[in-house]
Amino acid sequence: MKHTLLSNGRHIACYESGAAGSLPLVLLHGFCEDSTLWDGLLPGLQGIHLLRMDLPGFGGSDLPLASGMDTSADAVCAMLNEFSVERCVLVGHSMGGYVALEFAARYPDRLAGLGLVHSHPYEDSPERRETRRRGIEMVQSGKRDLYVAQLFSSLFAAAFAGQHPDTVDALIENAKRQPAAGIIAALEGMIARMDHTATLRNASCPVLFLLGTDDSIITPEMGLQAAMLPDIVDIHVLEGIGHMSMYETPEKTVEIVRSFWEFCAQR
Ligand code: MLT
């Protein structure tokens, strides 16, 4: 069911399903995506109290007041408060993982588990910042559609993209519906985001790492290095999978997320 709430005076679209009462599982999408990213996993997550949201600037949510992972982390907190959720398992895909890490730094007591799906705790390299600045210029000059087409074409393992062009196209079409100002705010927020090595080192809850051997954005090396930081980790490196495991191997992805949630719920 769809709900709209206010965070810093801005509307946030969020979606609730499953049985309230169990430990809630919160799913955050990545860059140029929205909460529909997780649609293919929903049948496999039945019975779990599930919360999803469109991060500020994407889907049905308003633009953020200020760019930054902190603004999005506060929106996650506003959603938990709205649904009277004290603690949850928070799982983020890529940029959603950056938001989840910011949430973990700000509200550590609200987490029973932290899941990083194709994500990592490190700040941007100078080269990555430069690439993002070029992206901002491209979107500002009216080339949003070209920008997202190039972006999503590179996110999948080559074999999957060749066999499933419709899936890639559907994500590109969805990304073309995201407002240019939201894309720019997210790029600015990722450029400015802080390193969360200490957040992971200090994490008192279990941390999930889901990585793909063919992920060109978050390499398995980066993820494995980060997985050394927390005390309790659940690591999965999926062979032949790129940045989009929820599309490339949905059964395996839902099994991993569900098992992690069960582990956190039983502690
Ligand atoms: C994402 O998928 O959210 C982004 O590609 C993450 C990034 O650019 O660092």
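Both backbone and side-chain heavy atoms feed into the values below; hydrogens, waters and symmetry mates do not. Remember, it's a predicted structure, so these values are computed and weren't measured experimentally. In each ligand, atom 1 is the first atom listed, and ligand 1 is the first ligand listed.
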Top protein contact for atom 4 (C) of ligand 1, by heavy-atom distance: Ser94 OG, 3.3 Å
Heavy atom of the protein closest to atom 9 (O) of ligand 1 (residue, atom name, distance): Tyr98 OH, 2.5 Å
Salt bridge present between Lys143 and Glu137 (N-O < 4.0 angstrom): no
Main-chain N/O of Leu101 paired with Thr199 side-chain donor or acceptor, under 3.5 Å: no
With Asp74 via salt bridge (charged side-chain N to carboxylate O under 4.0 Å, His left out) - residues at least two apart: Arg106
pair Leu210-Met246: side-chain heavy atoms closer than 4.5 Å: no
Contacting atoms of ligand 1, where contact means under 4.0 angstrom from a heavy atom of Arg128: 7 (C), 8 (O), 9 (O)
Residue Gly30 vicinity, atoms of ligand 1 by number, heavy atom under 4.0 Å: 3 (O)
Residues His243 and Glu248: side-chain donor-acceptor under 3.5 angstrom: no
For Met95, the ligand 1 atoms whose distance to one of its heavy atoms is below 4.0 Å: 1 (C), 3 (O)
Distance-only donor-acceptor check, side chains Glu82 and His3, under 3.5 Å: no
Under-4.0 Å heavy-atom contact with ligand 1, by part of Arg132 that carries it: side chain
Donor-acceptor pair between His29 and Asp34 side chains, under 3.5 angstrom: no
Ligand 1-proximal atoms of His118, by part, heavy-atom distance under 4.0 Å: neither
Phe31 N/O to ligand 1 N/O under 3.5 Å: yes
Polar atom proximity, His243 to ligand 1 (N or O, under 3.5 Å): yes
N or O pair under 3.5 Å between Ile218 and ligand 1: no
